[in-house]
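One structure is given below, encoded as structure tokens.
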Amino acid sequence: MRLVLLGPPGAGKGSLAELLKESFGILHVSTGDMLREEMKNETAIGVEAKSYIEKGALVPDEIVTKLIEKKLSTDANVKSGYMLDGFPRTKQQAESLDRILNDIEKPLDYVIYLEAELPLIIKRLTGRRVCKSCGSLFHMTNRPPRKEGICDSCGGMIYQRADDNEETIKNRMEVYLRSTLPMIDYYEGQGKLEKIDGNKESGDLQEILMKKFHEEEKNH
Ligand code: AMP
């Protein structure tokens with residue numbers, strides 16, 4: 001299974017990726033996670049990326065494309081499939097991705113497009129909490145951890161991302177509409193786009209998606 005998860009912030013891409021990783025063991029590649037790791041380690045990339053991320057703006061194409069190219073061409077797990085979460089985010093990134101995947105002879109099977117409305121996105125993202133150690137996702141009302149501030153999976157510390165505040169979320173949404181939405185046409189043109197309604201409650205959404213992915217597995 002080789003796929004891209006596309007959709008606005010808070011549409012459920014990260015939760016879906018967690019679910020797919022658990023069920024099928026495919027490699028989850030999130031440029032957001034990679035950039036946050038660079039920031040944590042205070043690398044040159046991390047320092048540069050920080051100023052963009054904190055505003056809710058996109059990090060320049062060359063930086064993220066280099067990161068993704070390195071990952072896809074060196075991680076042996078790519079052979080068994082991958083899901084890209086948060087990349088590509090611009091048409092230029094999508095074109096670079098086609099070239100990279102062509103070079104490693106692992107083209108995309110399809111692109112899952114999760115749609116969701118702004119009020120729901122704000123509710124999901126302002127309540128979102130993330131484990132600092134393993135990246136597990138929680139939500140203050142929908143999926144609180146068993147013990148406050150502590151990750152159920154690894155016991156790590158749970159925190160709120162600095163860009164998960166209402167103002168930055170609105171910026172991220174504007175950026176998404178301007179830069180990322182045109183990629184819908186790009187992938188539709190390639191016949192690879194699958195639309196899914198991300199407004200559903202996460203339980204219902206998971207059920208629909210798991211049914212779909214099990215069918216896909218059978219057909220491959
Ligand atoms: P995410 O974790 O996917 O929500 O990404 C968090 C932030 O990282 C975004 O708001 C961007 O600032 C940056 N980022 C992640 N992926 C990309 C990308 N493909 N292109 C540019 N910026 C990115």
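Because the structure is a prediction, the values reported are computed rather than measured. Start at 1 and go down the list; that is how both ligands and their atoms are numbered. Sequential numbering from 1 along the given sequence is applied to the chain's residues.
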Decide whether an N or O pair under 3.5 Å exists between [X] and ligand 1.
| X | result |
| --- | --- |
| L35 | no |
| R89 | yes |
| V59 | yes |

Going by the order shown, which atoms of ligand 1 are within less than 4.0 Å of some heavy atom of [X]?
| X | answer |
| --- | --- |
| Q93 | 18 (C), 19 (N), 20 (N), 21 (C) |
| R36 | 2 (O), 6 (C) |
| T31 | 15 (C), 16 (N), 17 (C), 19 (N) |
| I53 | 8 (O), 12 (O), 13 (C) |

For this session: Measure the shortest side-chain to side-chain distance between I45 and V47 over non-hydrogen atoms and say whether it is less than 4.5 angstrom.
Result: no

Exercise. Are any non-hydrogen side-chain atoms of F24 and M1 less than 4.5 angstrom apart?
Worked result: yes

For this session: Could you walk me through whether D163 and Y52 pass the side-chain hydrogen bond (donor to acceptor under 3.5 Å, both in side chains) test, one step at a time?
Result: CA-CA 10 Å; D163 59 349; Y52 295 97; over 6 Å; no

Exercise. Hey, does R161 sit under 4.0 Å from ligand 1 if you only count heavy atoms?
Worked result: yes

Problem set entry | Sub-4.0 Å heavy-atom approach of K55 to ligand 1 | no

Problem set entry | Heavy-atom closest pair, residues L16 and L114 | CD2-CD1, 4.2 Å

Problem set entry | For atom 11 (C) of ligand 1, the protein heavy atom that lies nearest, with its residue and separation | A57 O, 3.5 Å

Seminar exercise, completed: d(R172 CZ, E167 CD) to nearest 0.5 Å is 13.0 Å

Seminar exercise, completed: d(L72 CG, D103 CG) to nearest 0.5 Å is 11.0 Å

For this session: Kindly confirm or rule out a cation-pi arrangement of K195 over Y113, judged by NZ or CZ under 6.0 Å from the six-membered ring centre and within 45° of its axis?
Result: no

Problem set entry | F138 six-ring face occupied by R143 cation (under 6.0 Å, within 45°) | yes

Exercise. Ligand 1 versus V64, non-hydrogen atoms closer than 4.0 Å: side chain, backbone, both, neither?
Worked result: side chain

For this session: Would you kindly specify which portion of R172 sits under 4.0 Å from ligand 1, judged on non-hydrogen atoms: side chain, backbone, both or neither?
Result: side chain

